[in-house]
Amino acid sequence: MAKITYIEHSGAQHVVDVETGLTVMEGAIRNLVPGIDADCGGACACATCHVYVDPDWMARTGERESMEESMLDFAGDVRDNSRLSCQIKVSEALDGLIVRLPEQQG
Amino acid sequence: MTVGTVIIGAGQAGLSAAEALRKRGYAGPVTLLGDEAAPPYQRPPLSKGYLSGELPAERLWLKPEAYFDAASITLRTGVRASALDRAGRRVLTHEGEAIAYEHLILATGGAARRLSLPGADLPGVHVLRSLAEADALSDALSGARRLAIIGAGYIGLEVAASARKRGLEVSVLEAADRPMARTASPLLGGWFGALHRGYGVDLRVSTGVAAITGADRADGVRLADGERVEADLVLIAAGLVPGTQLAEAAGLDCADGILVDTHARTSDPDIFAIGDVARFDSDLYGRSIRLESVQNAIEQGRAAAAAICGAPADYDPVPWFWSDQYDRKLQIAGLIEGADAMVRRGDPELGAFALFHFQDGVLIACEAVNSAPEFMTAQRLIAARARPDPDRLRDTTVAMRAFLS
């Protein structure tokens, strides 16, 4: 389990426990965190699960892979700490992770 | 008290409509009826990660159980609608129940097509559309050595890739002269054919099937030319038959799908149809289309919800699709039918390339293999009915972003 904090664009916070092995996207869906659409269900095909990783956590969430990088290129309001949450695998090392959600997906 | 909206079909489209009704503040009851035992789940992985064993069933669920209570959506699984009583505005079920509606949404999807081949009813012959069918196929793969797949469309090829990952010998038999003949360009279909052969799949095109052989269970396939392909099990992957039975019996207009307008409304103003089963007029393509895709399920579900909530908006999507085979990701934007010119960008030999398809100089489709920027850019260009310069598109030193400014 890892405790993950999802912060909506409005500022609303959701602190939830996410099973390791799932993705940060799945953690949001399973815990009814609004703001992550994930139309393609995690296949890295749609760019509707965009999140901003808290700068303190960027090293631990790892690098974007090239497909993710390319998809993100075309999401809205992309920043240095943008990730597709379906591509971040939850492990014990991410216990305490904080991600923020963009104003809208797509 | 209002009787609210009843949705028949608890797949991606039905769920999307239910969710969108609530997001729009719809106040009436929302009832989601599914004829399968499982709660709403993702179908795409059934032929990919779920079948290859990388994704467990619990990761297929589109929503956790708690969602339905939280959103006041009554999910009823294992309920099969048997008829629509349009005059009485009721759905009748196999169990004899009558469920009243103010608005009805048909999200009935369809069933895998079964062929009328000799032997097609033998044990050991599978189709793949539902989770139960995926489980049956997966169990059968566990004890098998050789799989024969009839049909080289997306499902056939994705299952071939998944079965190769599980170590089976795989034959794919396709009547057309190339894989994915119905939806993909010849170049792309040929490229995927070569990819599969490279992974050891015995792919045969222009190959008719005469019969599935076997006395009390399938043991192979007899080809039209008499040759026999041995197999421990057979998958028929011959496309989808849209689930129009309820609509047709109720007298709604149907023609290879339930006919709907751009607000997803059928010929009965109180009844909507969405997702794989719905056929609608595409302004973008100037013809009626029926899309079998996650995107269409989600977005047309939202369109029906918008109309029910009194905020109709014309639904005219740029269709998009994806497929994962081995380590290649295919993403398609638009529909290639009617294309009269093609531009290639990138080198198919290197495994990443995109094919842009034009009609009268207007970009109408893009097939992208491991080429997300091309795919994402094409979606926008197609929506804008743009005429990108073919020479610049061909030139990989011109970044895709440049076409959006």
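Each chain gets a letter, A, B and so on, in the order the sequences are listed, and its residues count up from 1.
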Original post:
Under 4.0 Å between a Lys/Arg side-chain N and an Asp/Glu carboxylate O for B/Arg345 and B/Glu367?
Top reply: no
**OP:** Give the member of B/Leu55, B/Thr377, B/Leu60 that has the highest number of heavy-atom pairs under 4.5 Å with chain A.
**Re:** B/Thr377
Original post:
For B/Ala333, which residues count as a side-chain contact (heavy atoms from CB on, under 4.5 Å) partner, sequence neighbours excluded?
Top reply: B/Phe375, B/Ala378, B/Gln379, B/Ile382
Original post:
Does a salt bridge link B/Arg290 with B/Asp276, judged by any charged N lying under 4.0 Å from a carboxylate O?
Top reply: no
Original post:
Which bit of A/Ser66 is near chain B, if near means a heavy-atom gap under 4.5 Å: side chain, backbone, both or neither?
Top reply: neither
Original post:
Does the distance from a Lys or Arg side-chain N to an Asp or Glu carboxylate O, for B/Glu54 and B/Lys165, drop under 4.0 Å?
Top reply: yes
**OP:** Would you mind reporting whether B/Val369 and B/Trp191 have side-chain heavy atoms less than 4.5 Å apart?
**Re:** yes
**OP:** Could you list which of residues 291-302 of chain B have a heavy atom closer than 4.5 Å to any heavy atom of chain A, in residue-number order?
**Re:** B/Val294, B/Ile298, B/Arg302
Original post:
What residue, out of B/Glu19, B/Gln42, B/Gln12, has the most heavy-atom pairs lying under 4.5 Å from chain A?
Top reply: B/Gln42
**OP:** Please check if the side chain of B/Thr77 supplies one atom and the backbone of B/Pro39 the other of a donor-acceptor pair under 3.5 Å.
**Re:** no
Subject >> Toward chain A, the part of B/Leu62 with a non-hydrogen atom under 4.5 Å >> reply: backbone
**OP:** Spell out the residues in residues 315-331 of chain B that have some non-hydrogen atom less than 4.5 Å away from a non-hydrogen atom of chain A, in order of number; otherwise answer 'none'.
**Re:** B/Trp320, B/Trp322, B/Asp324, B/Lys329, B/Gln331
**OP:** Mind checking side-chain contact (heavy atoms from CB on, under 4.5 Å) for B/Thr183 and listing every partner two or more places apart, or none if nothing turns up?
**Re:** B/Tyr154, B/Met180
Subject >> Over-ring placement of A/Arg100 relative to A/Tyr6, 6.0 Å and 45° cut-offs >> reply: no
Original post:
So, does B/Ser371 use its side chain to make a donor-acceptor pair with the main chain of B/Glu374 at under 3.5 Å?
Top reply: no
Original post:
Have B/Asp135 and B/Tyr50 got a donor and an acceptor in their side chains that come within less than 3.5 Å?
Top reply: yes
Original post:
Where does A/Glu68 contact chain B at under 4.5 Å (heavy atoms): side chain, backbone, both or neither?
Top reply: neither
Subject >> Close side-chain approach of A/Gln87 and A/Leu84, heavy atoms under 4.5 Å >> reply: yes
Subject >> Part of B/Ser16 within contact of chain A (heavy atom distance under 4.5 Å) >> reply: neither
Subject >> Under 3.5 Å side-chain donor-acceptor pair for A/His14 and A/Thr5 >> reply: no
Original post:
Is it the side chain or the backbone of B/Pro373 that comes within 4.5 Å of chain A heavy atoms, both, or neither?
Top reply: both
Subject >> A/Asp37 side-chain N/O to A/Asp39 backbone N/O, donor-acceptor pair under 3.5 Å >> reply: no
